[in-house]
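Predicted, not measured: the structure shown is a model, and the values here were computed from it.
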Amino acid sequence: QVQLVESGGGLVQPGGSLRLSCAASGFTLDYYDIGWFRQAPGTGREGVSFSSGDDGSRYYSTSVKGRFTISRDNAKNTVYLQMNSLKPEDTAVYYCAAVPARADGSSWYSPRTYDYWGQGTQVTVSS
């Protein structure tokens, strides 16, 4: 059974850091593209970051570039999202998603690209 499980969310003060984890089971992440998305109340699901299983490319949205870093630990079948310099506007439920690796990652930011989704983890940035 294919499953993605996010963890690591919580409450953090502005300027703080969190590391989110996305653990996969039922398939090997090595051969999958992974996206991180977030959704704040009343908004659509926003693509935040992407890690290609094809060529190792990494992409970030403009809102998080320079503050967030995506990485993989294939031995643990886990993808991470290190989030630094957090801002109140980063508050959202964060989801990871997976799709078999493709040569073209240009649609990484679209939720429709992905086949599998985790249940999400809440991140709240507030003083």
I'd like a table of donor-acceptor pairs (distance under 3.5 Å, sequence neighbours excluded) in which one partner is a side-chain atom from residues 8-27, with atom names and distances.
from: Ser17; atom 1: OG; to: Asn84; atom 2: OD1; distance (Å): 2.9

Just checking, is any N or O donor in the side chain of Thr28 or Asp30 under 3.5 Å from an acceptor N or O on the other one?
no
Are Glu89 and Thr91 close enough that some pair of their side-chain heavy atoms sits under 4.5 Å apart?
no
If we count only N and O atoms by modelled type, under 3.5 Å, do the side chains of Ser52 and Asp54 hold a donor and an acceptor together?
no
Going from CG on Leu4 to OH on Tyr114, what distance comes out if it is rounded to the nearest 0.5 angstrom?
11.5 Å
Might you point out which heavy atoms bring Gln122 and Val93 nearest each other, and give the distance in Å?
OE1-CG2, 3.2 Å
Say whether, by atom type as modelled, one donor and one acceptor occur between the side chain of Tyr60 and the main chain of Ile70 under 3.5 angstrom.
yes
How would you list, by chain and number, every residue that makes a salt bridge (Lys or Arg N to Asp or Glu O under 4.0 Å) with Asp90, sequence neighbours excluded?
Arg38, Arg67
Does the side chain of Glu46 pick up a donor-acceptor pair with the side chain of Ser63 at under 3.5 Å?
yes
Same apolar cluster (I L V M F W Y, side chains within < 4.5 Å links), Val99/Tyr94
no
Taking it one step at a time, do Tyr95 and Arg45 satisfy side chain to side chain contact (heavy atoms under 4.5 Å, CB included)?
CA-CA 9 Å; Tyr95 301 89; Arg45 200 162 288 193; 3.5 Å; yes
Has Arg72 got its NZ or CZ under 6.0 Å from the middle of the six-membered ring of Tyr80, at an angle within 45 degrees of the ring axis?
no
I'd like to know whether the aromatic ring centres of Tyr59 and Tyr109 sit less than 6.0 Å apart in this structure.
no
Of all heavy-atom pairs linking Ala101 and Gly53, the shortest is CB-C, 3.7 Å
Closer than 3.5 angstrom, by distance alone: can the side chain of Asp73 be matched with the main-chain N or O of Lys76 as a donor-acceptor pair?
yes
Are Arg58 and Trp108 in a cation-pi setup, meaning NZ or CZ lies under 6.0 angstrom from the ring centre and within 45 degrees of the ring axis?
no
For Phe50 and Trp36, I'd like to know if the aromatic rings sit close, meaning centre-to-centre distance below 6.0 Å.
no
Evaluation steps, side chain to side chain contact (heavy atoms under 4.5 Å, CB included), between Val48 and Phe37:
CA-CA 5 Å; Val48 172; Phe37 287 77; 5.6 Å; no
Walk me through whether Gln82 and Phe68 qualify under side chain to side chain contact (heavy atoms under 4.5 Å, CB included).
CA-CA 5 Å; Gln82 178 66 44; Phe68 290 11; over 6 Å; no
Assess the side chains of Ser107 and Thr113: does a donor N or O sit below 3.5 Å from an acceptor N or O?
yes
Kindly determine whether Leu81 and Ser49 satisfy side chain to side chain contact (heavy atoms under 4.5 Å, CB included), including the steps that lead there.
CA-CA 8 Å; Leu81 186 68; Ser49 185; 4.0 Å; yes
Assigning hydrophobic clusters by single linkage (Ile, Leu, Val, Met, Phe, Trp, Tyr; side-chain heavy-atom cutoff under 4.5 Å), is Trp117 placed with Val2?
no
